[in-house]
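Presented below is the structure to which this report refers.
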Amino acid sequence: RKTSIKGKFIIITALVLIIAVIFDSQMRPLIKSVAKSQAQTFSTNVINQVVLDELSRLDIDYSDIVDIQKDNDGKILAVSTDMKKVNSLKSTVTMSIQDKIATMDKQEVKIPLGTLSGTELLNGQGHKISVRVSMSGGVVTDFKSEFVAAGINQTKHRLYLDVVTDALALIPGYPVDTTVSTSFLI
């Protein structure tokens, strides 16, 4: 009689483990997808907010960074960039974004059970499961300069601040990395 109870216990334990493995294999791609989306949204929001705040705080615009030299007739002779201001802005934005990411608390993501089922009909429906996402990542900023034709014998100069973040969403057992890049016209 003890062997039959022991046998039933082993069978039940094995079934629970099999169900857990199947459940995990079904859930993992969905949780990774939601975490990646959350990391991209979070990174984009942080980048946008920091760049806008720093440009506003430093009161920097195109004319502060780029000097257009003209001759007596008003023809453009040269376009030069104040590299000290460019490097200062680049460094300030990079450090501010990294600081903002480092000081953020874990983000709570709520995933409806219907979404986890993988069925279109149930997508977004049902009780929500909370998953906590911790963010970390690196930031690279750079300036890009381009000249664009603007009509007959006319050229426009544009200066962009490019920001690229490698974001890592850390969910227990589900690390997900993604890259977010955005450009700002100065």
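Residues passing the side chain to side chain contact (heavy atoms under 4.5 Å, CB included) test with T13 are F9, L17, sequence neighbours excluded. Taking the side chain to side chain donor-acceptor pair (under 3.5 Å) definition, one finds that D53 meets it with Q49, sequence neighbours left out. Listed by chain and number, the residues in a side chain to side chain contact (heavy atoms under 4.5 Å, CB included) with D71 are D73, K75, L77 (sequence neighbours excluded). Take S63 and apply the side chain to side chain donor-acceptor pair (under 3.5 Å) test, not counting sequence neighbours, and it matches D61.
Side-chain heavy atoms closer than 4.5 Å link hydrophobic residues (I, L, V, M, F, W, Y) into clusters, and following such links, possibly through other members, connects L161 to L58. Hydrophobic clustering, with ILVMFWY side chains joined whenever heavy atoms are under 4.5 angstrom apart, groups L159 together with I47. Side-chain heavy atoms closer than 4.5 Å link hydrophobic residues (I, L, V, M, F, W, Y) into clusters, and following such links, even through other members, never connects V164 to V51. I60 is connected to M83 through a chain of hydrophobic side-chain contacts under 4.5 Å among Ile, Leu, Val, Met, Phe, Trp and Tyr, so both are in one cluster.
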Practice task
Verify side chain to side chain contact (heavy atoms under 4.5 Å, CB included) between T165 and I101, making sure each step is shown before the conclusion.
Solution key: CA-CA 10 Å; T165 11; I101 289 173; 4.0 Å; yes
Exercise for the section: Output, in order, the C-alpha distance, side-chain angles, deciding distance and verdict of side chain to side chain contact (heavy atoms under 4.5 Å, CB included) for I65 and L89. Expected result: CA-CA 10 Å; I65 296 173; L89 179 60; 4.2 Å; yes
List the atom pairs, with distances to 0.1 Å, where a side-chain N or O of residues 175-186 and a protein N or O form a donor-acceptor pair under 3.5 Å, not counting sequence neighbours.
{"residue": "T178", "atom": "OG1", "partner": "Q40", "partner atom": "NE2", "Å": "3.0"}
{"residue": "T179", "atom": "OG1", "partner": "D166", "partner atom": "OD1", "Å": "2.9"}
{"residue": "S183", "atom": "OG", "partner": "D162", "partner atom": "OD1", "Å": "2.4"}

Can you give each donor-acceptor pair under 3.5 Å made by side-chain atoms of residues 142-150, sequence neighbours left out, with the distance rounded to 0.1 Å?
{"residue": "S145", "atom": "OG", "partner": "H157", "partner atom": "NE2", "Å": "2.5"}
{"residue": "E146", "atom": "OE2", "partner": "Y160", "partner atom": "OH", "Å": "3.3"}

Using distance only, find each side-chain donor-acceptor pair of residues 90-99 under 3.5 Å and give its atom names and separation, not counting sequence neighbours.
{"residue": "T92", "atom": "OG1", "partner": "S88", "partner atom": "O", "Å": "2.8"}
{"residue": "T94", "atom": "OG1", "partner": "K90", "partner atom": "O", "Å": "2.8"}
{"residue": "T94", "atom": "OG1", "partner": "T141", "partner atom": "OG1", "Å": "2.5"}
{"residue": "S96", "atom": "OG", "partner": "E54", "partner atom": "OE2", "Å": "3.1"}
{"residue": "S96", "atom": "OG", "partner": "T92", "partner atom": "O", "Å": "2.9"}

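Here I22 sits in one hydrophobic cluster together with I18; the rule is ILVMFWY side chains under 4.5 Å apart, joined directly or through other members. In the hydrophobic clustering, where aliphatic and aromatic side chains (Ile, Leu, Val, Met, Phe, Trp, Tyr) are joined below 4.5 Å either directly or transitively, V21 stands alone. Through direct or indirect side-chain contacts shorter than 4.5 Å among Ile, Leu, Val, Met, Phe, Trp and Tyr, L52 is connected to no other residue.
Judged by distance alone, with hydrogens and angles left aside, the side-chain atoms of T41 form a donor-acceptor pair with the main-chain N or O of S37 at under 3.5 Å.
Within the structure, ring pair (Phe, Tyr, Trp, His ring centres under 6.0 Å) contacts touching residues 69-98 (residues at least two apart or in different chains) do not occur. Pairs passing the salt bridge (charged side-chain N to carboxylate O under 4.0 Å, His left out) check and including a residue from residues 76-85, sequence neighbours excluded, do not occur.
At least one side-chain heavy atom of Y62 sits under 4.5 Å from a side-chain heavy atom of I68.
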